[in-house]
Protein chains: 2
Amino acid sequence: MSDQARKRRPYAARVPMAERREQLMDAALRIIGRDGYDGVSIDAIAKEAGVTRPVVYGAFDGLGALLMSLLERQQQRALLQLFSALPQEPEDGDPATLVRQAGPLLHQMLLDDPVTWRAILQSATNAPEVVRERVESDREQVRVVVERLVAGALGKRTDAEVLSHAVLATLERFGQLVLDDPERFTAERLTGAVAALLRLAPGRVT
Amino acid sequence: MSDQARKRRPYAARVPMAERREQLMDAALRIIGRDGYDGVSIDAIAKEAGVTRPVVYGAFDGLGALLMSLLERQQQRALLQLFSALPQEPEDGDPATLVRQAGPLLHQMLLDDPVTWRAILQSATNAPEVVRERVESDREQVRVVVERLVAGALGKRTDAEVLSHAVLATLERFGQLVLDDPERFTAERLTGAVAALLRLAPGRVT
DNA sequence: TCCATTTACTACACAACTGTAGCATTCTGG
DNA sequence: CCAGAATGCTACAGTTGTGTAGTAAATGGA
């Protein structure tokens, strides 16, 4: 007890609120990338950012709010990229062509920001409820777009809703495969496999 | 403090070990069905079963072991059903026919034991690591079977590995849709949609 | 330069859960 | 019917995480 100074933690640099929030979100994202959502807690984020918990509470209204802000930030860019990789207008061309066009774009999108996409694609795995709900609602947004594309590419008489679920589930799984093993699952391989399947069906249901 | 007897918990009926284990696994399954994996803990299971924690520790070596035993028990039946719903031999007939045959069988399988399948299909959502790993390894087993079926139905020149991932992802999503809203997503609808997609491709890649 | 304000830190109280040691009760075989 | 083995219960100690009140340090304007 003779030297109290040794026990006292050196003050972290003071930082304006906006920057502090960014810094904490970065820390959270780093943890998610490293340990998955399991490892995320106010405590862990504070440690990762090199500050104490009250600092985090000063910047966010709890873990849920922090993660929501993080998702907001990341998804903004992510969804923009995603929608720009998909043709917005339901074109009624060959579905295999659609796959060959969009596939590599989506693939590149993943590799451009793997950390973000891992956080999104793995959000089902042990993410807090708020996060799952948010990602779920974004997923639904994307699915509606996919549904229109399916309807356009395969004809209105197909069950576009059901098929959009199938397409989205497939895309998500492919995304995980790419993130887990990019060497093994290349853009060409994945798009090629699907295109081959679809090219057996060059026509449309009319 | 005058009446200690009132505070003392009445002893739960004594029960042979094997039965106790069943009872605890049933309790765990009930919780998973009701609250998802979030709600599962030694404490919650003990309460649900009407006993105290040390009883649980007497029967299992912790939460992980309990859930593994539970999964063991449920998957034994589940996988058996699943494999019997899929043709074991890679038949090289029309893929749409394969879907029309296996689809309703799989659908019925879900409805026969929705609680178990929900536990399996939602295992990614907040289940402890051991459970996820176990389900993952079972998934891989199933995928290999699916891969053989795909190779058989579409010809060896297709990328059966990639497509088996797509098929499995689709099946799992369909399973969740059925469990969440059986009225809306009937066997006919789901199999019909996929069969229609495939029927555009009556031939094989040779 | 100095003090008011801002910002970070320490310390505490609380909650949920784990795992175990030791006591109480019940059941069973002699 | 009565030991003593088997089984359940209570109580405690430990862990990890939350959220907050009060204190200490840094910073910028008078």
Side-chain angles (χ1 to χ4, degrees), chain A residues 1 3-24 27-28 31-32 34-69 126-131, chain B residues 1-25 27-28 31-32 34-69 126-131:
Chain A
M1 313 286 187
D3 191 354
Q4 261 199 352
R6 209 187 318 164
K7 302 179 87 173
R8 182 133 202 122
R9 173 187 199 139
Y11 270 48
R14 301 201 171 187
V15 152
M17 190 59 122
E19 194 178 331
R20 176 70 71 193
R21 290 167 64 95
E22 295 297 314
Q23 179 188 341
L24 291 172
I31 293 172
I32 294 169
R34 180 160 22 82
D35 310 326
Y37 281 94
D38 293 313
V40 183
S41 66
I42 295 281
D43 206 41
I45 292 169
K47 275 197 183 69
E48 176 77 23
V51 297
T52 55
R53 272 180 299 120
V55 173
V56 181
Y57 283 108
F60 293 98
D61 219 40
L63 185 60
L66 193 159
L67 292 176
M68 287 300 281
S69 293
N126 289 32
E129 187 123 1
V130 276
V131 172
Chain B
M1 313 285 188
S2 60
D3 191 353
Q4 261 201 351
R6 209 188 320 162
K7 301 179 86 173
R8 182 130 202 125
R9 174 186 198 139
Y11 270 49
R14 302 202 168 187
V15 152
M17 190 59 122
E19 194 177 332
R20 177 67 72 192
R21 290 166 64 95
E22 295 297 314
Q23 179 187 340
L24 291 171
M25 288 191 276
I31 294 172
I32 293 169
R34 180 161 21 83
D35 311 326
Y37 281 93
D38 293 312
V40 183
S41 66
I42 295 280
D43 206 41
I45 292 170
K47 274 198 183 67
E48 176 76 25
V51 296
T52 55
R53 273 179 299 118
V55 173
V56 181
Y57 284 107
F60 293 98
D61 219 39
L63 184 61
L66 193 159
L67 291 177
M68 286 300 281
S69 292
N126 289 31
E129 187 123 1
V130 275
V131 172

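Chain identifiers are assigned alphabetically (A, B, ...) following the order of the sequence lines, protein sequences preceding nucleic acid strands; residue numbering begins at 1 within each chain.
Atom-to-atom, CG of A:Leu24 to C1' of C:dA8 comes out at 13 Å; the value is rounded to the nearest Å. Atom CG of A:Asp43 is separated from atom C1' of C:dC9 by 14 Å (rounded to the nearest Å). With rounding to whole Å, B:Tyr11 atom OH is found 5 Å from D:dG8 atom C1'. Between the CG atom of A:Leu67 and the P atom of D:dT18 there is a distance of 11 Å, given to the nearest Å. Atom CZ of A:Arg20 and atom C1' of C:dT7 are 9 Å apart (whole Å). Rounded to whole Å, atom C1' of D:dT18 lies 13 Å from atom NZ of A:Lys47. Taking atom CD1 of A:Ile42 as the reference point, atom C1' of C:dA16 lies 17 Å away to the nearest angstrom.
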Candidate pair A:Ile42 and A:Ile45, rule side chain to side chain contact (heavy atoms under 4.5 Å, CB included), full reasoning: CA-CA 5 Å; A:Ile42 295 281; A:Ile45 292 169; 5.6 Å; no
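Within 3.5 Å, no donor on the side chain of A:Arg9 pairs with an acceptor on the base of C:dA8, nor the reverse. The base of D:dT27 has none of its N or O atoms less than 3.5 Å from a complementary donor or acceptor on the side chain of A:Arg14. Checked by distance alone, A:Arg8 brings no side-chain donor or acceptor within 3.5 Å of a matching partner on the base of C:dT10.
Contact check for A:Leu24 versus A:Val51: side-chain heavy atoms found under the 4.5 Å cut-off. A:Phe60 has its side chain out of reach of A:Met68: every pair of non-hydrogen atoms, C-beta onward, lies at least 4.5 Å apart. Counting only heavy atoms from C-beta outward, the side chains of B:Val40 and B:Leu66 never approach each other to under 4.5 Å.
A heavy atom closer than 4.0 Å to some atom of DNA chain C occurs in A:Val51, A:Thr52, A:Pro54, A:Val55, these being the qualifying members of residues 49-63 of chain A.
Looking only at distances, no side-chain donor or acceptor of B:Arg53 sits under 3.5 Å from a matching main-chain atom of B:Asp43.
A salt bridge links A:Glu48 with A:Arg34: the distance from a Lys NZ or Arg NE/NH1/NH2 to an Asp or Glu carboxylate oxygen falls below 4.0 Å.
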